[in-house]
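Beneath this line is the structure, given in structure tokens, with notes to follow.
All of these numbers come straight from a predicted model, not from anything done at the bench. In the text below, chain A, chain B and the rest are named by the order of the sequence lines, each starting its count at 1.
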Amino acid sequence: GENVEQHPSTLSVQEGDSAVIKCTYSDSASNYFPWYKQELGKRPQLIIDIRSNVGEKKDQRIAVTLNKTAKHFSLHITETQPEDSAVYFCAALNQAGTALIFGKGTTLSVSS
Amino acid sequence: SQTIHQWPATLVQPVGSPLSLECTVEGTSNPNLYWYRQAAGRGLQLLFYSVGIGQISSEVPQNLSASRPQDRQFILSSKKLLLSDSGFYLCAWGSGTGSANSPLHFGNGTRLTVT
């Protein structure tokens, strides 16, 4: 079945720096790759997603890149702010394409 | 607009007791429905999903079960809870008509503590 690996598990940056979180997946048929942000005690919320027909997508300070050949995708956050502090999860489709399999999450801490 | 309701928000249950968590979705038809569990400091583990009434797929063997008695209702159950069942349970829905290649929308979660 699908296996999603996410690194690093924790990431600490200074306000204004960039943060990069990387994920790899195992099922080459997966064609949808979302990223979710979960603040403490709250539900995960979608922040950006990318489909396999594009290599990069950007939304203000957030961007996602996808390398289908290498089966990895990354989240890039520029000009980080304290409110970016949260747990971030990547995900890819299971083998049947019917459910999302999540990585174990990255705890991002942005200090001012 | 679509909304997802999940209850209760918190639950403390003794080992060996039964469990029933309910999730309902409003404002959409034939959603894909999911149960995920998040143990303390860990990722989102897929437990069950359903692409239609009466259709349940289980991802991991365990003492939990799921049912979908109505199109927009998803129930997570257990006959006898274990200590290891403690965690944050999240219900989610997606509109991919059988496929999961669209955003998932999560409920607010149920924090279950088994004592």
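Counting heavy-atom neighbours within 6.0 Å of A:Leu40 CG, excluding the residue itself, gives a total of 12 or less.
In this structure, the portions of B:Leu104 lying under 4.5 Å from any heavy atom of chain A include both its backbone and its side chain. Looking at B:Leu46, only its side chain comes within 4.5 Å of chain A, counting heavy atoms on both sides.
Contacts classified as disulfide (SG to SG under 2.5 Å) and involving residues 54-112 of chain A (residues at least two apart or in different chains) are given here: A:Cys23-A:Cys90. Pairs passing the disulfide (SG to SG under 2.5 Å) check and including a residue from residues 69-115 of chain B, sequence neighbours excluded, read B:Cys23-B:Cys91. Listed by first and then second residue, the disulfide (SG to SG under 2.5 Å) pairs that reach into residues 39-82 of chain A come to none, sequence neighbours excluded.
A heavy-atom distance below 4.5 Å is not found between the side chains of A:Ile62 and A:Val64.
Counting heavy-atom pairs closer than 4.5 Å to chain B, the top residue among A:Gly1, A:Pro44, A:Gly41, A:Pro34 is A:Pro44. With respect to chain B, the highest number of heavy-atom pairs below 4.5 Å among A:Leu46, A:Val87, A:Leu93 belongs to A:Leu93.
Taking the six-membered ring where the residue is Trp, A:Phe102 and A:Phe89 present perpendicular rings, their angle passing 60° and hence far from 30°.
A donor-acceptor pair under 3.5 Å links the side-chain atoms of B:Asn63 to the main chain of B:Lys80, judged by distance alone.
For the pair B:Leu64 and B:Ser78, the tightest heavy-atom approach, listed with the atom from each and the gap, is CD2-CB, 3.6 Å.
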Any idea which donor-acceptor pairs are under 3.5 Å between chain B and chain A?
unit_1: B:Tyr34; atom_1: OH; unit_2: A:Thr98; atom_2: O; d: 2.8
unit_1: B:Tyr36; atom_1: OH; unit_2: A:Leu100; atom_2: O; d: 2.6
unit_1: B:Gln38; atom_1: OE1; unit_2: A:Gln38; atom_2: NE2; d: 3.0
unit_1: B:Gln38; atom_1: NE2; unit_2: A:Gln38; atom_2: OE1; d: 2.8
unit_1: B:Tyr49; atom_1: OH; unit_2: A:Thr98; atom_2: OG1; d: 2.8
unit_1: B:Ser99; atom_1: OG; unit_2: A:Gly97; atom_2: O; d: 3.4
unit_1: B:Ala100; atom_1: N; unit_2: A:Gly97; atom_2: O; d: 2.8
unit_1: B:Asn101; atom_1: O; unit_2: A:Arg51; atom_2: NH1; d: 2.6
unit_1: B:Asn101; atom_1: O; unit_2: A:Arg51; atom_2: NH2; d: 3.0
unit_1: B:Leu104; atom_1: N; unit_2: A:Tyr36; atom_2: OH; d: 2.7
unit_1: B:Leu104; atom_1: O; unit_2: A:Tyr36; atom_2: OH; d: 3.2
unit_1: B:Phe106; atom_1: O; unit_2: A:Arg43; atom_2: NH1; d: 2.8
unit_1: B:Asn108; atom_1: OD1; unit_2: A:Arg43; atom_2: NE; d: 3.3

